[in-house]
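What follows is a set of notes on a single structure, which appears directly below.
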Amino acid sequence: LEMMEKGCIPNVVTFNTLINGHSRLGSIDKAFELLNSMWNQGLMPNVVTYNALINGLCKGGKVKETGKLLREMIKKGLAPDNVTYNTLIDGYCKEGDMHEALSLHSEMVQKGLVPDVVTYTTLIDRLCKNGRVQRANEFLNKMKERGLNPDNFTYTTLIDGYCKQGDMPVAIKFQREMMDKGLAPSVVTYNSIIHGFCLEGNIRAAQDTFDDMLDKGLVPDMVTYSTLIYGYCKGGHIQEAFSLLDELAGKGLVADVITYSALIQGLCKERRVKDACKLFHKMLEMGLNPDQFTYTTLINGHCGEGNIKEAFQLHNEMVQNGLSPDVVTYSVLIHGLRKQARTKEANRLLFRMIYDDLIPDKVNYDTLIENCIDDNMESNVALIKGLCMKGEMIKAEKVFEIMREKNWTPNDIVYNILIHGHCKNGNVHKAYKMHNEMEQLGLVPN
RNA sequence: GUUUGAUGGGACCU
């Protein structure tokens, strides 16, 4: 607005910059408003405009809505380019739809576009994150064969994959390889390697890597410090972790929620829940907002001490603060109750969660039930019975299904309950199917 | 001059 008042007319690049800004911050609506005002001012959006918008949709988890935009840009005579495809491929990858990503990859080839380093790195990243490191390696070789040079990102992506897989020797091998090619491992590369060593409990190697990166003149960032702090905490070296907290402050870095959560977890693991609470309050005083992880960590700490009351108080507090407890939070609470032999309450909580749809949509139902159903067949049967009585047959079936996946052999009691439930809900067909199923298992209907 | 890819914290399981 200021530039317009002063007589500067915004051009396409100005708009693109703004659109991109809004896209990245998640205000997609604002971004689209800007697209409209471009038209109103007689400015033609270009490929960059559309790419920025598509990226905004992808990052906002709305990959499905990109189709419209894509068609619109083609209709306006704009051809999708490498950036368009790379953006979409990344979007589908992150959504977990590797199939669509790969078919976009071949589509771009068909259209005469040449997949570039970014395309390959995106795919390699997804393969790694899906645990298919070997396949990712094959993609690396494929891109080399095609005359593409893997860059810093490519190597770091692969190194991170091997680190998470627990294969440090190969990770280091690739670090060598990238250095041999004249690529200097970046802070991110080092962070991945440090993390890898921390994961396997090799804090010495992690520290050595940290020292090595300092020698190379690299400046550690918050991720580096949080990672190391996590590593020390994991090994029970709380004191070292806290001296790192001082050290990073001395370097002008500001510890964030993740740093504190790692420390809180470290304290809880050492059964120093009181100290963990103190630290929790200290982070509040510093103006840091705890998130789901922080709360769940502390809740778990209290459960470990058998302090269920405090655990639920924190649960309420997190809800009041607008944070929705997720699968892990519930799983922690339920296991906490079970450990206290408060099985009935645990089952009641699980029932309430399933019945009241307390589980946020995005959270995986199956995972929750899978993690929380009892080792004891009878409480699960009780759960199914409860759900049947409320007419929640789909949910009841889900629990039944998961029990069977866990190789529990159903007995005649469960079948009677389910058959009764289906009949009461008017689904005689389903009831009859269950009857046949139980006969097949050699159970005798009574 | 504007658009795409890599790194850190929570339960259970391994």
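Below, chain A is the first sequence line, B the second, and so on; all start at residue 1. These figures come from a predicted structure and were not determined experimentally. Side-chain atoms are counted along with the backbone in the values below, which use heavy atoms only and exclude waters and symmetry mates.
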Task: Nucleotide nearest A:N191 when distance is taken to its side chain, options B:G10, B:U3, B:U7 - done: B:U7
Open item on the list: Applying a 4.0 Å non-hydrogen cut-off, can you work out what A:V117 is touching in the nucleic acid: base, sugar-phosphate, or nothing?
Closed with: base
- [ ] Report yes or no: is there a donor-acceptor pair, N or O only, under 3.5 Å between the side chain of A:T227 and the base of B:G9?
- [x] no
TODO: Look at the side chain of A:D221 and the base of B:G8, then say whether one donor and one acceptor between them are separated by less than 3.5 Å.
DONE: no
Task: From B:G5, B:A11, B:G10, nucleotide with atom closest to A:K59 side chain - done: B:G5
Open item on the list: By nearest atom, which of the nucleotides B:G10, B:U4, B:A6 is closest to the A:T156 side chain?
Closed with: B:A6
TODO: Identify whether any heavy atom of A:Y230 sits under 4.0 Å from a base atom; if not, whether one sits that close to sugar-phosphate; answer base, sugar-phosphate or nothing.
DONE: sugar-phosphate
Open item on the list: Counting the atoms with a prime plus P, OP1 and OP2 as sugar-phosphate, which does A:T224 contact under 4.0 Å by heavy atoms, base, sugar-phosphate, or nothing?
Closed with: nothing
- [ ] Answer with yes or no whether A:T17 presents, from its side chain, a donor or acceptor under 3.5 Å of a partner atom in the base of B:G1.
- [x] no
Task: Nearest-nucleotide pick for A:D160, side chain only, options being B:U4, B:A6, B:U2 - done: B:A6
- [ ] Would you mind reading off the distance between A:L199 atom CG and B:G9 atom C1', rounded to a whole angstrom?
- [x] 12 Å
- [ ] Starting at atom CG of A:L228, determine the distance to atom C1' of B:G9, rounded to an integer number of angstrom.
- [x] 14 Å
TODO: Working to the nearest 0.5 Å, report the span between CG of A:L88 and OG1 of A:T122.
DONE: 11.0 Å
Open item on the list: Quick one, A:K234 and A:C198 - any side-chain contact, counting heavy atoms below 4.5 Å?
Closed with: no
- [ ] Confirm from the modelled atom types if A:S226 and B:G8 form a donor-acceptor pair under 3.5 Å, side chain to base only.
- [x] yes
Task: Salt bridge flag under 4.0 Å for residues A:K129 and A:D125 - done: yes
TODO: Fit a plane to each ring of A:Y232 and A:H237, take the angle between them on a 0 to 90° scale, and name the class: parallel (under 30°), tilted (30 to 60°) or perpendicular (over 60°).
DONE: perpendicular
Task: Rounded distance (Å) that lies between atom P of B:U7 and atom CZ of A:F174 - done: 17 Å
Open item on the list: Does A:T259 reach a base, just sugar-phosphate, or nothing at all? Heavy atoms under 4.0 Å.
Closed with: base
- [ ] Can you tell me the distance, in whole Å, between the OH atom of A:Y85 and the P atom of B:G5?
- [x] 18 Å
Task: Nearest-neighbour nucleotide for the A:T87 side chain, B:U4, B:G10, B:G5 considered - done: B:U4
Task: Between B:G8 (P) and A:Y232 (OH): distance, integer Å - done: 19 Å
Task: Closest nucleotide among B:A11, B:G9, B:U7 to the A:K129 side chain - done: B:U7
- [ ] Scan A:D81 against the nucleic acid and name what it touches under 4.0 Å (heavy atoms): base, sugar-phosphate only, or nothing.
- [x] nothing
Open item on the list: With a 3.5 Å cut-off and heavy atoms only, can you find an N or O donor on one side and an acceptor on the other between the side chain of A:T297 and the base of B:G10?
Closed with: no
Task: Mutual orientation of the aromatic rings belonging to A:H195 and A:Y230 [parallel < 30°, tilted 30-60°, perpendicular > 60°] - done: tilted
- [ ] Compare the minimum distances between each of B:G9, B:A6, B:G8 and the side chain of A:S186, then state the nucleotide with the smallest one.
- [x] B:A6
TODO: Could you please name the option among B:G8, B:G5, B:G9 that lies closest to any side-chain atom of A:Q265?
DONE: B:G9
- [ ] Using a heavy-atom cut-off of under 4.0 Å over every strand shown, decide if A:D256 touches base, sugar-phosphate, or nothing.
- [x] base
TODO: Check the pair A:E240, A:L244 against side-chain contact (heavy atoms from CB on, under 4.5 Å), reporting the backbone distance first and the verdict last.
DONE: CA-CA 6 Å; A:E240 286 81 351; A:L244 281 169; 5.8 Å; no
TODO: Please state whether the base of B:G5 and the side chain of A:T122 form at least one donor-acceptor pair under 3.5 Å?
DONE: no
- [ ] Check whether any side-chain heavy atom of A:D221 sits under 4.5 Å from a side-chain heavy atom of A:N191, and report yes or no.
- [x] yes
Open item on the list: Under 4.0 Å, counting only non-hydrogen atoms across every strand here, what does A:S261 touch: a base, just sugar-phosphate, or nothing?
Closed with: base
TODO: Could you check whether the rings of A:Y225 and A:F210 sit parallel, tilted or perpendicular, using 30° and 60° as the cut-offs?
DONE: perpendicular
Open item on the list: Applying a 4.0 Å non-hydrogen cut-off, can you work out what A:R24 is touching in the nucleic acid: base, sugar-phosphate, or nothing?
Closed with: sugar-phosphate
- [ ] For A:L267 and B:G9, give me the distance from atom CG to atom C1', rounded to whole Å.
- [x] 13 Å
Open item on the list: I need the CG-C1' distance between A:L123 and B:U4, as an integer number of Å.
Closed with: 12 Å
Open item on the list: By the 4.0 Å heavy-atom rule, please label A:S23 as base, sugar-phosphate, or nothing.
Closed with: nothing
Open item on the list: I want to check one thing: is the phosphate of B:G8, taken as OP1 and OP2, less than 4.0 Å away from some side-chain N or O of A:K164?
Closed with: yes
Task: Length of the CZ-C1' vector between A:R126 and B:G5, whole Å - done: 13 Å
Task: Per A:N300 side chain, nearest of listed nucleotides B:U4, B:A11, B:G5 - done: B:A11
TODO: Answer with base, sugar-phosphate or nothing: what part of the nucleic acid does A:T189 contact at a heavy-atom distance below 4.0 Å?
DONE: nothing
TODO: Between B:C12, B:U7, B:U3, spot the one nearest the side chain of A:V48, thanks.
DONE: B:U3
Open item on the list: Once you apply a heavy-atom cut-off of 4.0 Å, does A:K94 come out as touching a base, just sugar-phosphate, or nothing?
Closed with: sugar-phosphate
